[in-house]
A.B. asks: 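One structure is given below, represented as structure tokens, and several questions about it will come after.
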Protein chains: 2
Amino acid sequence: MTTPQLTKNQSLVFDVLEKAEGPLSAYTILDKLRDHGFRAPLQVYRALEKLLEYGVVHRLESINSFVACAHPGDDCHSHGIVAFAICESCGQVMEFHDHEVDHRLMGWVRGQKFKPEKTTIEIRGLCEACAA
Amino acid sequence: MTTPQLTKNQSLVFDVLEKAEGPLSAYTILDKLRDHGFRAPLQVYRALEKLLEYGVVHRLESINSFVACAHPGDDCHSHGIVAFAICESCGQVMEFHDHEVDHRLMGWVRGQKFKPEKTTIEIRGLCEACAA
DNA sequence: TTGCAGATGTTATGTTATTACATCAATTGC
DNA sequence: GCAATTGATGTAATAACATAACATCTGCAA
């Protein structure tokens, strides 16, 4: 899937996420966009919905936050399952893909006749700098 | 770690989760326990906090819900990372452990010098019955 | 130029989780 | 016995996250 031209609100939200050092909550994004005319959470959530669909933004379920995909110019749907390591101290996020992990998980669900739609892998802990 | 004797509130919350067919939100648990004197969310959240610590309950991050561990009489901390398959139609949850997945994920984070604390793997989709 | 689809704006509300503070019960050390 | 401590509990208020419902606008195609 190729990413369509973003609308005004989608671009604003995406730019905020790209410039951010780490993941942001929807309400943090809202606050950053008040000067650009954003007034309500729905403006953010609607933009995020599309950006997630296009694969240019990820949602981090365990911290209710959103982050720009780490693979610029390349949508993430082609990478299989995405795993994240999230530093609980500094908020930094590392993104990673492992086909063997995908294979094991998908093999298991197939055995259960379970039909997977969306998979979340999130590892919370401390990054090298913060663990020191 | 062995599970200590549960307190009154912890037992009430755990019993509700054990008898449930699938995962429950904290507020659903609260409603089910109003007859037993529960009045406020904190009574539920505090009990859940301990039950999670003891490993007899899991939190499903992607659906903000809680489920009793599928391994009765046996705390889950000994199983390594737990993965869940969650049916988005009927709510049924399957729990599973795979050492190869653990190994791959932990190998990667070690390479990044990341110190993992808590890992979430959740696969949302449709179970066999619901996919038919 | 009308009708439609998609994007946007706005208000209100629903859902999930925590802070702050008071009280109670069991245990320990004196 | 009786303070002192610790962990559990009760309660009110509030913070944080997310969606419903409805109105409006804009570009485009029939």
Side-chain angles (χ1 to χ4, degrees), chain A residues 1-17 20 22-54 56-67 86 88 91 118 120 122 124, chain B residues 1-17 20 22-54 56-67 86 88 91 118 120 122 124:
Chain A
M1 186 186 63
T2 183
T3 304
Q5 186 61 38
L6 299 184
T7 66
K8 180 162 156 286
N9 285 3
Q10 288 161 20
S11 295
L12 288 167
V13 169
F14 184 66
D15 285 352
V16 166
L17 282 174
L24 301 178
S25 75
Y27 278 74
T28 301
I29 296 170
L30 173 58
D31 286 340
K32 287 180 183 293
L33 289 175
R34 295 221 185 257
D35 293 345
H36 294 271
F38 275 46
R39 321 289 307 276
L42 215 50
Q43 294 174 287
V44 176
Y45 282 110
R46 285 203 275 231
L48 286 171
E49 185 179 16
K50 289 297 181 185
L51 295 171
L52 290 167
E53 185 185 321
Y54 302 153
V56 298
V57 161
H58 299 293
R59 175 187 189 116
L60 302 177
E61 309 275 4
S62 64
I63 57 172
N64 297 315
S65 294
F66 303 85
V67 70
I86 305 166
E88 297 189 294
K118 177 80 176 73
T120 296
E122 296 175 17
R124 266 124 39 239
Chain B
M1 185 187 61
T2 182
T3 304
Q5 186 62 36
L6 299 183
T7 67
K8 179 163 155 288
N9 285 4
Q10 288 161 18
S11 295
L12 287 167
V13 169
F14 184 66
D15 286 351
V16 166
L17 283 173
L24 301 178
S25 76
Y27 279 75
T28 301
I29 296 169
L30 174 58
D31 286 339
K32 287 180 182 293
L33 288 175
R34 295 219 185 259
D35 294 344
H36 293 273
F38 274 47
R39 322 290 306 276
L42 212 52
Q43 294 174 286
V44 176
Y45 282 109
R46 286 203 274 231
L48 286 171
E49 186 179 16
K50 287 298 181 184
L51 296 170
L52 290 167
E53 185 184 323
Y54 302 154
V56 297
V57 162
H58 299 292
R59 176 187 191 117
L60 302 177
E61 309 275 5
S62 64
I63 57 172
N64 296 314
S65 294
F66 304 85
V67 70
I86 305 166
E88 295 188 296
K118 177 80 177 71
T120 296
E122 297 176 18
R124 274 148 295 139

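For clarity, every value in this text was computed on a predicted model and none was experimentally measured. In what follows, chains carry the letters A, B, and so on, assigned in the order in which the sequence lines appear, proteins first and then strands, with residues in each chain numbered from 1. Keep in mind that the numbers below use all heavy atoms, side chains included, and drop hydrogens, waters and symmetry copies.
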A.B. asks: With centres under 5.5 Å and planes under 30° as the test, does A:Tyr27 stack with D:dC17?
C.D. replies: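 Yes.
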
A.B. asks: Nearest whole Å is fine: how far is D:dT19 C1' from B:Ile63 CD1?
C.D. replies: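 Distance check: B:Ile63 CD1 to D:dT19 C1' gives 18 Å.
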
A.B. asks: Using atom CG of B:Leu12 as one end and atom C1' of D:dA8 as the other, report the distance to the nearest whole Å.
C.D. replies: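 Interatomic distance, CG of B:Leu12 to C1' of D:dA8: 13 Å.
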
A.B. asks: Please report the distance, rounded to the nearest Å, between CG in A:Leu48 and C1' in D:dT19.
C.D. replies: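 It is 14 Å, rounded to the nearest whole Å.
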
A.B. asks: Map A:Ala40 and A:Lys50 onto DNA chain C by nearest heavy atom, then report which one ends up closer to the 5' terminus.
C.D. replies: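 This one resolves to A:Lys50.
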
A.B. asks: Restricting to non-hydrogen atoms, name the atom on B:Leu48 and the atom on B:Ala26 that form the minimum distance, rounded to 0.1 Å.
C.D. replies: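 Minimum heavy-atom separation between B:Leu48 and B:Ala26: CD1-CB, 4.2 Å.
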
A.B. asks: In terms of the nearest nucleotide of DNA chain C, which residue is placed more toward the 5' end: A:Gly37 or B:Ser65?
C.D. replies: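 Its nearest nucleotide being more 5', the pick is A:Gly37.
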
A.B. asks: OP1 or OP2 of C:dT15 versus the side-chain N and O atoms of B:Ser25: is any pair under 4.0 Å?
C.D. replies: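 The answer is no; no side-chain N or O of B:Ser25 sits under 4.0 Å from OP1 or OP2.
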
A.B. asks: Grab the two heavy atoms, one from B:Ala47 and one from B:Asn9, that are nearest each other, plus how far apart they are.
C.D. replies: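 B:Ala47 and B:Asn9 have their closest heavy atoms at CB-O, 3.9 Å.
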
A.B. asks: Distance check needed: D:dA16 C1' versus A:Phe66 CZ, whole Å only.
C.D. replies: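 Distance check: A:Phe66 CZ to D:dA16 C1' gives 13 Å.
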
A.B. asks: For C:dT8, does OP1 or OP2 lie under 4.0 Å from any side-chain N or O of A:Gln43?
C.D. replies: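 So the side-chain polar atoms of A:Gln43 never come under 4.0 Å of the phosphate oxygens OP1 or OP2 of C:dT8.
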
A.B. asks: What's the NZ-P distance between A:Lys8 and D:dT26, to the nearest Å?
C.D. replies: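 These atoms are roughly 12 Å apart.
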
A.B. asks: What is the distance from CG of A:Leu42 to P of D:dC22, rounded to the nearest Å?
C.D. replies: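 Between P of D:dC22 and CG of A:Leu42: 14 Å.
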
A.B. asks: For C:dA17 and B:Asn64 - does any side-chain N or O of the residue sit under 4.0 Å from the phosphate oxygens OP1/OP2?
C.D. replies: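 Affirmative; the distance criterion is met.
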
A.B. asks: Rounded off to whole Å, could you give me the CG-to-P distance for the B:Asn9 and D:dA8 pair?
C.D. replies: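 Spelled out: CG on B:Asn9 to P on D:dA8 is 11 Å.
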
A.B. asks: Where is the tightest heavy-atom contact between A:Leu52 and A:Phe66, given as atom of each residue plus distance?
C.D. replies: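 Smallest heavy-atom distance, with atoms named: CD1-CE2, 4.2 Å.
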
A.B. asks: Decide, yes or no, whether a salt bridge links A:Lys50 with A:Glu53 under the criterion of side-chain N to carboxylate O below 4.0 Å.
C.D. replies: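 A:Glu53 and A:Lys50: salt-bridged.
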
A.B. asks: Going by distance alone, is a donor N or O of one side chain under 3.5 Å from an acceptor N or O of the other, for A:Arg124 and B:Thr120?
C.D. replies: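 Present: a donor and an acceptor within the cut-off.
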
A.B. asks: Does C:dA17 have its OP1 or OP2 closer than 4.0 Å to a side-chain nitrogen or oxygen of B:Arg59?
C.D. replies: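 It does, given that an N or O in the side chain of B:Arg59 lies less than 4.0 Å from OP1 or OP2 of C:dA17.
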
A.B. asks: Write down the distance between CD (B:Glu53) and P (D:dA8), rounded to a whole number of angstrom.
C.D. replies: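 Value for this atom pair: 9 Å.
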
A.B. asks: At less than 4.0 Å, is any side-chain N or O atom of B:Thr7 found next to OP1 or OP2 of D:dG7? Yes or no.
C.D. replies: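 Looking at the OP1 and OP2 atoms of D:dG7, neither is under 4.0 Å from any side-chain N or O of B:Thr7.
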
A.B. asks: Taking atom types as they are modelled, is there a donor-acceptor pair under 3.5 Å from the base of C:dG9 to the side chain of A:Arg46?
C.D. replies: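 Pair found.
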
